[in-house]
Structures are given as C-alpha cells and as structure tokens.
Amino acid sequence: MAILARFGKWPLLPGEDRKAYEALRDGAIAQFQPRDMLEHWDLRRAIDLIWEAMRYQRCAGCLIAVTMKEALRRVLDALTPATQAKSSLDEAIEGWFLDTTKRIKVTQDYQRYGFDEDTPMAMSMAMRSAELARFSEIQRRNEIQAAAHLREILHRREAAATLRLANGAAEVKQPEPPKAVTAVSTSPASL
Amino acid sequence: MISQAKKEANQRNAKASTGPRTRSGKATSSRNSRRHGLATTISKDPIWSYEVHKLAKVFVPEGENDARGNEIRTLLTAMMDVMRVQAARNELWTITLMRQSLATQDDGIVRAREAGGLLRAHRLTSDELEGIVALEVLPQIVRLERYQRRAEAHLRRMLNKLVGVNG
C-alpha cells in the first residue's frame with residue numbers, strides 16, 4: 001500500500017467514505033499482490049478509476065433526487081387547471097415529500113391523467129437527461145479503463161510465465177555433453 | 001476527396017480567428033491554462049517534479065546505469081502526468097464542494113445554490129451536495145478530459161517504447 005500511495009494522494013473528496021475507499025484499495029491489493037512498478041501503477045489506476053466511476057454513479061442518483069421537487073411542480077403545473085389556487089398546488093407538492101397520506105391523495109387526485117408515484121422521478125430524469133448521459137459516459141469509460149489496467153497486470157504475468165516456460169524447455173532440449181571416460185574397475189566383480 | 005476549391009475555402013475560413021478580440025478577452029483567455037497548470041509540461045512544475053524524484057528513489061535501483069535509470073524516470077514522469085490531471089480534477093471537485101457546503105450553512109437554514117436554475121431549497125445530505133456540485137463541475141471536468149487523454153496517450157507511447165507493452 002505504501003508504494004501505491006507514492007503515486008499521489010488518494011482521490012477522496014470531503015464527505016466521501018474513506019473506509020469504503022480503503023476497503024476497495026486493500027481488497028484489490030490482496031487480490032492482485034502487485035510485484036513490480038508497472039503492476040503497482042496499473043493497480044493504483046484501476047482502483048482510482050473504479051472509485052471515480054462509483055462517484056459518478058452516486059452523483060447521478062443524487063441529481064435525480066434533488067431535482068424531484070421541481071419535476072413534481074412541472075408535472076402538477078401542467079395537469080392542474082388554471083382556476084385552481086397556486087397555494088393548494090404548493091401544499092400538494094410539500095405534502096408529497098413530507099407525508100405518505102398526502103402523497104397518496106395527490107396520486108389519487110391526478111391518477112386520471114396517468115399520474116403515479118413514479119411520474120416525478122421520470123420527469124426528473126428527463127429534465128436531467130443530458131447531465132445523466134454525461135455521467136453515465138464518464139462512469140462507463142472509467143470502468144472500461146480500470147478493467148484494461150487489471151487485464152494488463154494479468155497479461156504481463158502470463159507473458160512472463162510463458163517466457164519462463166519457454167526458457168526452461170530450451171534448457172531441457174539441449175543435448176547432454178558426453179560423459180568423460182572414467183577409469184574402469186578391474187576387479188573381477190565388475191566384469 | 002474534397003475539391004481544391006473546397007480545400008482552399010476551408011483553409012481561408014480556418015484563418016479567421018474565433019478567439020478573443022478585445023484586450024480584456026485576450027487577458028482572460030491567457031490565464032486559462034494557469035487555472036490548473038496542465039498546459040505546462042510536468043518537468044516545469046516544481047511540485048510534481050519533486051514527486052517524480054521521490055518515486056524514482058523507490059523504483060530506480062541504486063547503482064542502476066544512467067541510461068536505464070533515465071528510462072525508468074521517463075516512464076515515471078509520464079505516469080505522474082496522468083496523476084497530475086487526476087489531482088487537478090479532484091481539486092476542482094473539492095473547491096466547489098467546499099464553496100457549496102459553505103453556502104448551505106447560512107443562518108442554520110440549509111440552502112442550495114441554484115445550479116441550472118432548477119434546484120430548490122431543502123435539506124441536503126453530503127451525497128446530494130455532491131450531486132449538485134457534480135452539475136457545476138461537469139463542464140470543467142469535460143474540458144480537463146483532453147489533458148487526461150494526452151497524458152495517457154503519452155504514457156502508452158512510453159510504455160510501448162521502453163517495455164514493449166500495449167498500455
């Protein structure tokens with residue numbers, strides 16, 4: 001781990017779970033047991049890329065969550081008749097997030113328009129589709145690169161093992177030099 | 001194949017400057033690369049050069065002949081260039097996170113800074129704060145990607161040259 005640390009600071013942001021990163025890092029070290037500079041490098045990059053990918057995945061979920069209120073407002077604004085008081089709409093929106101009973105009432109009131117409990121989330125995702133697509137792209141790219149780094153470790157080990165095997169086989173195939181003629185015992189027993 | 005006329009038109013159009021024209025605009029854009037320092041080579045950055053030096057003490061064996069030692073140092077420099085971009089990205093996240101979290105502590109009332117004009121005031125967890133910050137840093141993260149690609153391509157070339165490995 002000390003060698004991995006030499007490649008730079010751990011990519012932890014304020015508020016991120018240090019223990020989770022350490023578990024990821026220590027698990028990867030235990031599994032791969034890097035042996036040389038290149039293996040340490042590949043493993044460090046893989047760990048950091050996976051951590052960043054997890055960050056973007058988390059951010060995507062959080063972005064949908066923080067946009068939900070505005071998404072709900074947009075949907076209910078579109079479905080509510082213009083004659084209805086704005087204050088009752090505000091109340092319905094606040095009630096949705098604070099009270100299960102009020103949420104059920106809002107769902108029932110707007111059900112005839114096809115509204116259900118998943119509608120605000122769908123709207124939230126639609127409102128954030130461009131950002132979510134970008135997060136998803138970065139996450140996917142990080143995961144692919146992390147996998148490539150880990151494959152590189154295994155590939156180099158295989159190549160080194162193959163080379164050792166080949167060298168070993170080459171040594172075995174060398175014909176043995178003829179043994180030097182030694183003095184032959186002249187005792188009657190050896191004849 | 002494009003026609004000669006089209007080729008000449010393309011070349012004429014490319015010469016038309018799309019960059020800043022006013023003095024203040026040019027002054028602003030001249031500072032762009034200094035925000036993160038990634039436009040300069042790592043060898044000119046004293047902090048990162050020192051990091052490479054520390055790493056070389058770990059990986060370059062004592063008594064290693066100069067040529068081989070220099071090869072390893074070149075490789076380590078390319079590796080640290082990749083880490084430099086990662087550090088710049090994380091710094092961007094950190095600064096924005098801290099700025100946003102200060103904005104949420106005003107008067108004990110939790111407020112979310114409007115990002116994209118679509119967010120409303122409500123209590124935030126650190127995950128939600130990270131989501132809002134992600135929205136704000138996303139354009140800059142995208143701009144840093146070209147430095148990431150450049151650093152990684154350079155490292156792959158070094159690896160291929162020195163180790164014969166497809167990185």
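In what follows, every chain begins at residue 1, and chains take the letters A, B, ... in the order their sequences are listed.
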Among A/R151, A/R44, A/M68, residue most engaged with chain B (heavy-atom pairs, under 4.5 Å) | A/R44
Note: A/R128-A/E131 ion pair, threshold 4.0 Å (strictly below) = yes
Mind ranking B/M80, B/M83, B/M79, B/E145 by heavy-atom pairs under 4.5 Å with chain A and telling me who comes out on top?
-> B/M79
In sequence, state the C-alpha distance, the side-chain angles, and the governing distance for A/R55 and A/Q139, and then conclude on side-chain hydrogen bond (donor to acceptor under 3.5 Å, both in side chains).
-> CA-CA 8 Å; A/R55 180 186 297 155; A/Q139 180 192 335; over 6 Å; no
A/R134 versus chain B, heavy atoms under 4.5 Å apart: side chain, backbone, both or neither?
-> side chain
So, do A/D90 and A/R73 sit near enough that their side-chain heavy atoms are less than 4.5 Å apart?
-> yes
Tell me, side chain or backbone of B/A87 under 4.5 Å from chain A's heavy atoms, or both, or neither?
-> neither
Check ion pair A/R157-A/E39 (N to O, under 4.0 angstrom) = yes
Top contributor to chain B interface from A/I64, A/D48, A/L13 [non-hydrogen pairs under 4.5 Å] | A/L13
Aromatic rings A/W96 and A/F115: how do their planes relate, parallel, tilted or perpendicular, breaks at 30° and 60°?
-> perpendicular
Most chain B-contacting option - heavy-atom pairs closer than 4.5 Å, from A/H40, A/K9, A/E52 | A/E52
According to the interplanar angle, ranging from 0 to 90°, do the rings of A/Y21 and A/W51 count as parallel (below 30°), tilted (30 to 60°) or perpendicular (above 60°)?
-> perpendicular
So which part of B/L155 gets closer than 4.5 Å to some heavy atom of chain A, the side chain, the backbone, both or neither?
-> side chain
Chain B contacts, top residue of A/Y56, A/F97, A/F7, A/F135 (heavy-atom pairs, under 4.5 Å) = A/F7
